[in-house]
Undergrad: 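For reference, the structure I am asking about is given below.
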Amino acid sequence: MSHTIELKKVSKYYAANDTVSMGFSRLDLDLDMGEFVAITGESGSGKSTLLNVISGLDSYEEGEMFVFGEDTTAFTTEDYERYRKTYIGNIFQDFNLVNSYSVYKNIELVMLLGGKKKKECRDRVNELIELVGLKEFADTKASKLSGGQKQRVAIARALAKDAPIIVADEPTGNLDSESASAVMETLAKVSRDRLVVIVTHNYEQAEPYVTRKITMHDGRIIEDRNVREKGVVSTEVEAPKEMKKGSEIRLGLRNTFNIPAKFILLFIVYLFVATAVLGQYASTKSSLHQNDLLGYSNYFLNTDPARIVVTKEDLTEFTDEDIAKISATENIGTVVRNDLAIDKGGTLNISGAYVEGPVYPIEEADKSKISYGKMPETEREVIISVNPASDTYLNVNDMKDKLIGQKAHITSLDGEEKLTDEKVVVAGIILDDTADKNLSYSGYSKIYVSDEVSKEILTGMMASSSKSLINYAGTKVSNDYSRTVYVSKNVPKGQVYIPETQAYYYDNGNAEGKTLKIKISNKYYSAIGKYTVGKVVNEKNIKESLGIKKDNYDNYTSAIFVSPADFSKLFERDTFQVSAFMQNEKLSDDTLEALKENGFRTLLVKDTLSDVTGGFDFVMELLAFGLLVIELIVLFFIAYAVIKLIMKSRNSYYSTLRILGASKKNTDSILRIELVFMVLMAYAVDIVAVVLVKEGVITSPQVTELLDFLIVPDYVVLAVILVAMSLLIANRYSRKIFSSSAMKTFKEEV
Ligand code: ADP
Ligand code: MG
C-alpha cells in the first residue's frame, strides 16, 4: 500500500543572486494518515522548506514526491493549485485571516471556496467555532482578536476545508503556553483520521500530543521516531467541488462594502469615471450635431435646425385636424401653415437700415432675447433680429431707439416688389449674439411676423413666381419671366386696371369695359380669372388711380392690377405643406418617427444642407468617435492606476483566497462582481442626478443643454461602456495578482 506522502531523495535549493543555498537535501520520508508529526530542529535546518514542499507551496529540484500514490515530479502550477485545494489544510503562523471578516465569515469562506452553499455551511462552521472554543466571538471581526484566538480561527478554518492533510508552521509560536496546549490538543484530536504535520522549535510543548518526532539538522533528517500509537487510518478523499456562482456573487458583494474607507474611495473614483464617460459621450454627440449644422441649403432659406417640412402622405391639403395632430406631436412647438413664405427672403427698409433675411413665425421669437422694444401685440407688428455677422447689425445697433415704431412694407430682396399688402410696424429688436453658430443663415437677419403677414407674403410670392397668359378679348400674350398680377385696394372687385401700353391689344385702344381673361400657373397649381377692364392708367393718372409714383410708371407697363379679393382668389391657396418647429432640435429622430407614424411625409431641413466639409462628413464623424475612444482609453488608464492603488489593501485578501484554494477563475469572478457592482452604483447616482436636472430640481443650463443630446438608448450604451471598462480593469488587476506564484504572493504579504 502506498503512503499518504512519500519523498524519495528530494532536494530543494534556493537560487538567490549568484549563490545557491540549500533548503534540504536528498530527503527520504514517508508520512501516513492518522499520524501527528512534529518536525523540529534548530533555526535554518530546513523545517519550513520541507513543510512548504509537502503542502505544495514550493516546488523541488531533485528526487520524487508521491501524494496518495500520484507522482508530483511533473506538476504544473495548476496541478499544484488542485493539489493544495484537494489535500491541504494550511495553518499559518501569521494566520492569514481576512481581518475585515468576522470569525464566522473567515471560516465560512473556505467552505464557500470548496463549493458549499451558504446554508450548508452554517452547522459545520458553528461546530468548528465551538471546537476551538470561540463561541462568544463568532461575530467578532478577526482584527479584534488576540493572537491565540486568531490561531484558533486559523485552525478551525483549516478543519472547515475537510482536507486529509493539515500542515502548520509554528502554530503555537505566538501563543501563551495555556493556549498552545489547547491548540495542540485540538490538533491531536483531528489527527485521528488525518495526517497532521507541524513545525515547531519548541518540541516539549508538542511532545504530549504527537505520534511522531522528526528532527532536522542542516537540511537532513537526523532523527525520526514514533512516540505514540497513530490514529485510525482512512484514505477516502473527496475531490473538491467547484465554487458556487452564488457564493462568488455573495463574496463579491460582501467585499464591496466590508471596508468602509476603501468603499468610499473606490466609489468616488467610479463616480468620477462614470461622470466623465457620460460627459465625454454627450459632448461628442453635441459636436457631431454642431458639425451637422454647417453648410447651406439650395432649397430653403430658413434652415433652422428645428424645422421639419411636413406634407400629407397623399399630398392633399391640410385640414385643421391634421394641423392639430402635428401640434400635438411630442416635441413639436409651433406649426407654420404659410410654409413657403418662410423661405422667402424679405427686406425691411426702415430709415435706411436694410434688414434682410427669411421671414419667421412670430411664435419662434425668443421673448427673453428682445434687446429693445417689446413682443408684438397686433398682427402688423414685427420683430427684427440681427446677427453680428451681417452689416445691418451695427446700423441697427446705432439707431435702435429710432427704429421702434417705424412702418414699412416688407419687399422682395431686391426691394422691387412689395410682399405685404399693408405696412408692418417694428415692435422689437433682437441683437442676436448667439446666432452665429448656425452658419448657413448667419449672414441674414430675421423678420418675425404674424401668421397674417406671412400669408400675405406667401400670396405675394405666389404672384411673383407664377407665369401668366392674358387674353385681351382674343389677343393672347404670355409672360413667363416677370410678375404680372398686382393688387390694389383702389381696384373694384371684378375689374382690372391696365397701363396704356396694354390698351393697344384692344381695337383702337378702346379697352375700358372690355373683358380680360388671365390664366396663371406655378409649380403648385393653375387658376383662371375673368374681369372687365375698369380703367386704363398712364403716367399722368397712375398716382391718383393706384397710388404709384409717376416716376415708377415704366416698371408697371406689363402689369395688371386687380382687387384684393380677386388677388386672393388667384393666389391664396389652402395649405398643402407646413413647417413644424421642434422644441428640442436634438430629438429629431424620434420626432420624425412620430410624425411618420401619424401618416405624414417629413423632411428635416437640416438634412438638405450641403456638405461644407467637401464630402468628408464621414471622416469628421470618424474623427469625433476616434477622439471619444482615445479619451475613454486615457480615462481607463487613469482609473486603473488609481483603482490599483486603492485595491492594494486587497492584495493580501486575494493572496489569502488563493492560498485557501480559490482558483484564478474564482478570484476573477469575485473581483469582477465587486468592480461591476461598484460602477453600476456610481452610474445609478449619475442617473439620479440626470433625472434631477431634467426635472429642474438641479438647475444648470450647460448640463441641461448637454443632456438634451442623450436619449434612452444612449444611457444603455453608456452602461455597457462602463461595465466593459470595469471588467477590463478587473482583468488587468487580476492578471497582476496572479503574475506571481501563490507562495511568492504569500511570502511577500507576510
Ligand atoms: P527553518 O524553517 O528550519 O528555520 P528554513 O526552511 O526556513 O529553515 O530554511 C532552510 C535553509 O533555506 C536556510 O539556509 C535558509 O537560509 C534557506 N532559505 C529558506 N528560504 C529561502 C529563500 N526564500 N531564499 C533563499 N534561501 C532560503
Ligand atoms: Mg521556519
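Side chains included, hydrogens not; waters and symmetry mates left out as well; all remaining heavy atoms used. Remember, it's 1-based here, ligands and their atoms both numbered in the order they're listed.
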Undergrad: Listing request: all ring pair (Phe, Tyr, Trp, His ring centres under 6.0 Å) pairs with a residue in residues 96-139, at least two apart in sequence or in separate chains.
TA: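 Ring pair (Phe, Tyr, Trp, His ring centres under 6.0 Å) check on residues 96-139 returns Y101-Y653.
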Undergrad: According to the interplanar angle, ranging from 0 to 90°, do the rings of F257 and F263 count as parallel (below 30°), tilted (30 to 60°) or perpendicular (above 60°)?
TA: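 Because their plane-to-plane angle lies in the 30° to 60° range, the rings of F257 and F263 count as tilted.
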Undergrad: Which protein N, O or S atoms does the Mg ion (ligand 2) have within a distance shorter than 2.8 Å?
TA: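 S48 OG, with waters left out.
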Undergrad: When you measure from the side chain of S11 to the backbone N and O of R26, does any donor-acceptor pair fall under 3.5 Å?
TA: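 Yes; judged by distance alone, with no hydrogens or angles, the pair exists.
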Undergrad: Classify the contact between M22 and ligand 1 as side chain, backbone, both or neither, using a heavy-atom distance cut-off of under 4.0 Å.
TA: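 Answer for M22: backbone.
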Undergrad: Counting only pairs under 3.5 Å, give me each side-chain donor-acceptor contact of residues 682-689, with atom names and distances, residues two or more places apart or in other chains.
TA:
unit_1, atom_1, unit_2, atom_2, d
Y683, OH, Y715, O, 2.7
D686, OD1, T275, OG1, 3.1
D686, OD2, T275, N, 3.1
D686, OD2, T275, OG1, 3.1

Undergrad: Do the non-hydrogen side-chain atoms of V690 and L710 ever get within less than 4.5 Å of each other?
TA: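 With C-beta onward as the side chain, the pair stays apart.
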Undergrad: Going by distance only, is there an N or O of G44 that falls short of 3.5 Å from an N or O of ligand 1?
TA: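 The answer is yes, given that G44 and ligand 1 share an N or O pair closer than 3.5 Å.
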Undergrad: Between Q149 and T140, does a side-chain contact (heavy atoms from CB on, under 4.5 Å) hold up when you go through it step by step?
TA: CA-CA 11 Å; Q149 289 166 330; T140 309; over 6 Å; no
Undergrad: Show the atoms of ligand 1 that are less than 4.0 angstrom away from any heavy atom in T49.
TA: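 Heavy-atom distances to T49 below 4.0 Å select 5 (P), 6 (O), 9 (O), 10 (C).
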Undergrad: Touching ligand 1 at all, G41? Heavy atoms, strictly under 4.0 Å?
TA: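 No, G41 has no heavy atoms under 4.0 Å from ligand 1.
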Undergrad: Do the side-chain N and O atoms of Y209 and S191 include a donor-acceptor pair separated by under 3.5 angstrom?
TA: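 No, S191 and Y209 have no side-chain donor paired with an acceptor closer than 3.5 Å.
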Undergrad: Which ligand 1 atoms are under 4.0 Å away from a heavy-atom of S43?
TA: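 Every atom of ligand 1 under 4.0 Å from some heavy atom of S43: 4 (O).
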Undergrad: Tell me whether the rings of Y83 and Y80 are parallel (<30°), tilted (30 to 60°) or perpendicular (>60°).
TA: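 Perpendicular, since the angle between the ring planes exceeds 60°.
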Undergrad: For ligand 1, which part of S21 has a heavy atom less than 4.0 Å away: the side chain, the backbone, both, or neither?
TA: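 Looking at S21 and ligand 1, just side chain atoms fall under 4.0 Å.
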Undergrad: Using ring pair (Phe, Tyr, Trp, His ring centres under 6.0 Å) as the criterion, list what pairs up with Y60, not counting sequence neighbours.
TA: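 Result, ring pair (Phe, Tyr, Trp, His ring centres under 6.0 Å) vs Y60: none returned.
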Undergrad: Which option out of Y14, Y13, F24 puts a heavy atom nearest to atom 20 (N) of ligand 1?
TA: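 Looking at heavy atoms only, the winner is Y14.
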